[in-house]
Novice: 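I'd like to ask you about the structure that follows.
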Amino acid sequence: GATAEEMAEAQAGRSADPRTAAALTFALSLVEQRGSVGSDDVNALVAAGFDEGEIVEIIAHVALNLFTNYVNVALDVPVDFPGVKLTRTA
């Protein structure tokens with residue numbers, strides 16, 4: 001149910017919703033730092049209202065998406081849905 005604008009913002013790690021923004025910031029940090037996030041990163045999620053189980057869920061979703069992407073690239077799996085232009089944040 002997200003709009004195209006909300007999806008574009010999410011891809012850049014932004015959201016008008018503070019809780020969603022915290023999750024996106026953490027997910028991006030997790031990828032950029034290859035899992036080596038610090039206690040400040042985790043504490044920001046806790047401050048946004050996430051519990052330990054929800055934090056593990058975020059990590060699991062990031063890992064699953066990376067795994068899926070690796071499989072798709074390694075096995076040259078054809079894309080069967082409309083493409084989304086990826087953007088890189090500064």
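Everything numeric here is computed off the predicted structure, so don't read it as measured data.
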Novice: With rounding to the nearest 0.5 angstrom, report the CD to OG1 distance, Glu9 to Thr20.
Specialist: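 Those atoms lie 12.5 Å apart.
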Novice: Can you name the closest pair of heavy atoms from Thr3 and Glu6 and give their distance?
Specialist: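 Residues Thr3 and Glu6, closest heavy atoms: N-OE1, 2.7 Å.
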Novice: Sub-3.5 Å donor-acceptor pair from the side chain of Asp41 to the main-chain atoms of Gly38, do we have one?
Specialist: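 Indeed, once roles are kept as given, a pair shorter than 3.5 Å links the two residues.
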Novice: Can you get from Leu30 to Leu24 by hopping between Ile, Leu, Val, Met, Phe, Trp and Tyr side chains that sit under 4.5 Å apart?
Specialist: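 No; tracing contacts between hydrophobic side chains, which count when under 4.5 Å, never links both residues.
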Novice: Do Phe26 and Ile59 have side chains that get closer than 4.5 Å, going by heavy atoms?
Specialist: yes
Novice: Applying the 4.5 Å side-chain criterion to the ILVMFWY set and letting contacts propagate, would Val56 and Phe50 be lumped into a single cluster?
Specialist: no
Novice: Of all the heavy-atom pairs spanning Leu45 and Ala22, show the shortest one and how long it is.
Specialist: CD2-O, 3.5 Å
Novice: Nearest 0.5 angstrom please: Glu54 CD to Glu52 CD, how far?
Specialist: 11.0 Å
Novice: Closest heavy-atom contact between Val62 and Ala27?
Specialist: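 Minimum heavy-atom contact is CG2-CB, 3.8 Å.
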Novice: Going by heavy atoms in the side chains, are Val46 and Ile55 under 4.5 Å from each other?
Specialist: yes
Novice: Rounded to the nearest 0.5 Å, how far apart are CG of Leu28 and CZ of Arg14?
Specialist: 10.0 Å
Novice: Could you give the distance from CZ (Phe67) to CG (Asn72), rounded to the nearest 0.5 Å?
Specialist: 9.5 Å
Novice: Glu32 side chain to Ser29 main-chain N or O, any donor-acceptor pair under 3.5 Å?
Specialist: no
